[in-house]
Number of protein chains: 2
Amino acid sequence: MAKLNREKVDIVTVSNAANVSISTVSRSFNHPEKVSADTRKRIDRAVRKLGYIRNRAAQTIHGIRSGTIGLIVPTMDHAIFSELMEAFSRSVEAHGFSMLVASHGYDLEKEYAVTRKFLEHRIDGVALIGQEHSEETYQLLEQNRTPAISIWNYSAKSRLPCVGADNTRAGEMAAEHLLENGHRRIGLLFAPGNGNDRAQGRMDGARAALKAAGIDTPAEWTLQSPYSLSAAKRDVRILLEQTHRPTALLCGNDVLALGAIYAAQSMNLHVPDDISVIGIGDFKGSEDMHPALTTIRLPAQRIGFLAGEQLADAIINKPDHLPRVECAIALRARQSCRAI
Amino acid sequence: MAKLNREKVDIVTVSNAANVSISTVSRSFNHPEKVSADTRKRIDRAVRKLGYIRNRAAQTIHGIRSGTIGLIVPTMDHAIFSELMEAFSRSVEAHGFSMLVASHGYDLEKEYAVTRKFLEHRIDGVALIGQEHSEETYQLLEQNRTPAISIWNYSAKSRLPCVGADNTRAGEMAAEHLLENGHRRIGLLFAPGNGNDRAQGRMDGARAALKAAGIDTPAEWTLQSPYSLSAAKRDVRILLEQTHRPTALLCGNDVLALGAIYAAQSMNLHVPDDISVIGIGDFKGSEDMHPALTTIRLPAQRIGFLAGEQLADAIINKPDHLPRVECAIALRARQSCRAI
DNA sequence: TCAATTTATGAAAACGTTTGCATTACTATT
DNA sequence: AATAGTAATGCAAACGTTTTCATAAATTGA
């Protein structure tokens, strides 16, 4: 069966082989109950024999859903986004959709271009990361009435429906944990905030909580490092070489936190005895590090899964209003912070 | 411009607005030189005003390429695959393709199902990870004459053209490095080999090299752990609690190696003084760990990039034969192994 | 046994493009 | 001024489906 056939096999080929009209073949796929058992069997045999595969493009121009959903991320190779992607993919796939993915490298114009390209493919819906997008991107989506959601951050006044966590609160919680443990000299290490409202929100939250406790972090203790172990390590080493050192480091994400820990270790400083480190994210592996990382857990898998469900639901059932979903975050107090 | 219009806008809408026929509109997109500058300008204005976006599905059924490439991975949230994906995506995108992605969780039947689904979308090409696929998957691709490549492992006798590294050799090189450093008591820690020819190949290579040196690893020093820091940590702890301990651990990938290091650290064993650890992969961050991980570098980004180029080339230029591309691997001797 | 339903199938239009061919209006050549 | 050639455009067929409507065949009910 399914022999190698030089010519393309389409619904006509099948209908000929099964000695029925193309309408019947189509029906046998889409409304099998309307076709006699006998005919159906004959068609199935022909399909298998010829190796026929339906052409979704043809269905799509007929007004049927394309069966694709787009996911546009800043980058795929950050642990946090790949976890999210995997979960999102699994959940939309369970509803029969295929996933188109692209990354834009924190460039909002690129994001617009990719969105446009996806719309050419007539995606049934699209998910974007965060809520910082160009006005053109928002308009493009509204104009085409393409179901779209924003994932990763929660905000009560997001322009798109969103599924995510409150990054500002995450920053606050991290700061509060350090404060509760008696820290007052706190260094800040964050990823650049432009094109990245997650990082910005966390930073704002942390700053606000510290300010509320009467603490103003000096500029030389406020580090901005790209998302990379080596960059964080390098930058934190410089900070720690100063004579006047913070007792704790609040890091915008777990990778930066791990970099900070490595920096400390490489200078023979003990974490948490000599310096405490707290992260945000709770990436895979943060729990198993040594010392186990104290961090704020952002439920990436849950967010990805729920986002997929929401979007699939939006496409299939066309509710006229999509809710905003806030996913709970929580402190994971482990071994990288101590009370002073 | 681009007002919110209730009705769909297609090429007919545009042609009316610009007072030309649909043929001219189409030509103005695809063969602009065949349309007078004046008309083109008029069309462009209409396009912008209406917010028209070409329908690739319609082009596709006309026999034109769909402009999509599929990438099917075991899982997206292993560092190594996400790095690969990002590089692959960038490279196919540069050639104008959009990327469909799916994961199969090391289940070859799922892989077949996903491949089929992608074929329904009329992908122009597809990339699979590794060379272990079901016969049905191979036949499906051959039958449809869909350009396909296998990425990640190189093998001179692969059924599909491949772009990748020699995993067997990686295993050998890791073993050789330990042998050269005087180790004879070597523990093995690998991911399960079924549905994962990469892991299997590395293990075979390591075993062969050890055997050639007259070393037979006892069963209790041969660990099989799922790809996870915590599993590796747990399993290695058990191994290290034995009185008769290996002097070195050869790990099938860097995550397992890092887990092994954490296990050692948690038992107050020093790496490399008390035990040496070597990994395979050289993931992002392995270099920055503490101690910096000695490992065999597999160039994930380069593989992803070249694979994208190869596949795009196969689609665009239809050469009748695609070469196999082997990407060089190399030892990165850092601080986690010592000579004894 | 005949009319009235019901069931199974086919014919044809529609979906949004691209492109080969035909037509018209210029431009250049003599 | 007539002819050949070229540039710009339109018409209509084609791509592979789905679905509405019509029709034929089978079943039901009297």
Side-chain angles (χ1 to χ4, degrees), chain A residues 5 7-44 46-47 50-68 96 117 119-124 144 146, chain B residues 5 7-44 46-47 50-68 96 117 119-124 144 146:
Chain A
N5 28 34
E7 324 73 26
K8 64 172 170 27
V9 8
D10 59 8
I11 203 173
V12 178
T13 325
V14 173
S15 71
N16 288 336
N19 247 302
V20 291
S21 73
I22 59 168
S23 328
T24 306
V25 176
S26 174
R27 259 190 298 261
S28 136
F29 271 106
N30 302 303
H31 314 281
E33 76 286 358
K34 297 196 164 178
V35 169
S36 80
D38 215 49
T39 314
R40 210 166 27 197
K41 204 172 291 175
R42 215 149 19 99
I43 292 175
D44 284 353
V47 165
L50 297 163
Y52 169 66
I53 294 181
R54 314 224 296 293
N55 186 333
R56 295 217 65 149
Q59 303 185 283
T60 301
I61 65 160
H62 198 76
I64 287 168
R65 291 200 302 261
S66 71
T68 54
K117 185 138 75 118
L119 288 172
E120 291 190 358
H121 290 291
R122 294 300 188 263
I123 44 168
D124 298 323
N144 285 76
T146 305
Chain B
N5 28 31
E7 325 75 22
K8 65 173 170 27
V9 9
D10 58 9
I11 203 174
V12 178
T13 326
V14 174
S15 72
N16 288 337
N19 249 301
V20 290
S21 74
I22 60 168
S23 329
T24 306
V25 176
S26 174
R27 262 190 297 259
S28 134
F29 271 108
N30 303 302
H31 313 280
E33 77 285 358
K34 298 194 162 182
V35 169
S36 80
D38 215 50
T39 314
R40 209 164 29 194
K41 204 173 288 175
R42 216 151 14 105
I43 292 176
D44 284 352
V47 165
L50 296 163
Y52 169 66
I53 294 181
R54 314 223 301 288
N55 185 333
R56 297 219 63 150
Q59 303 184 284
T60 300
I61 64 160
H62 198 75
I64 287 169
R65 292 200 302 261
S66 71
T68 54
K117 184 138 75 114
L119 288 171
E120 291 191 357
H121 290 292
R122 295 300 187 264
I123 43 167
D124 298 322
N144 285 76
T146 305

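These numbers come from the heavy atoms of this one structure, side chains and all, not from hydrogens, waters or symmetry mates. To find a chain, count down the sequence lines: A is the first, B the second, and so on, and within it residues start at 1.
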Can you find a side chain N or O atom of [X] that sits less than 4.0 Å from OP1 or OP2 on [N]?
| X | N | value |
| --- | --- | --- |
| B:Q59 | C:dT18 | yes |
| A:S21 | C:dT9 | no |
| A:N55 | D:dT17 | no |
| B:S36 | D:dT9 | yes |

Can you tell if the side chain of [X] reaches within under 4.5 Å of the side chain of [Y], non-hydrogen atoms only?
| X | Y | value |
| --- | --- | --- |
| B:I61 | A:H62 | no |
| A:P32 | A:R40 | yes |
| A:R122 | B:I53 | yes |
| B:N55 | B:D10 | no |
| B:R42 | B:T24 | no |
| A:S26 | A:I11 | yes |

Heavy atoms under 4.0 Å, any strand shown: does [X] hit a base, just sugar-phosphate, or nothing?
| X | answer |
| --- | --- |
| B:V20 | sugar-phosphate |
| B:S26 | base |
| A:F29 | nothing |
| A:V35 | sugar-phosphate |
| B:R56 | nothing |
| A:I64 | sugar-phosphate |
| A:S23 | base |
| A:T60 | nothing |

Rounded to whole angstroms, how far apart are [atom1] on [X] and [atom2] on [N]?
| X | N | atom1 | atom2 | value |
| --- | --- | --- | --- | --- |
| A:N144 | C:dG16 | CG | C1' | 15 Å |
| A:H62 | D:dT17 | NE2 | P | 12 Å |
| A:I43 | D:dT17 | CD1 | P | 13 Å |
| B:R27 | C:dA22 | CZ | C1' | 12 Å |
| B:I61 | D:dG16 | CD1 | P | 8 Å |
| A:H31 | D:dT17 | NE2 | P | 15 Å |
| B:K34 | C:dT18 | NZ | P | 13 Å |
| A:I22 | D:dT18 | CD1 | P | 9 Å |

Point to revise | Pairwise 5' ranking along DNA chain D for B:E33 and A:V25, keeping only the more 5' one | key: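 With B:E33 and A:V25 compared, the 5'-side residue is B:E33.
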Exercise for review: For B:R42 and for A:V12, locate the closest nucleotide of DNA chain D by heavy-atom distance; then report the residue assigned to the nucleotide nearer the 5' terminus.
Suggested key: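 With B:R42 and A:V12 compared, the 5'-side residue is B:R42.
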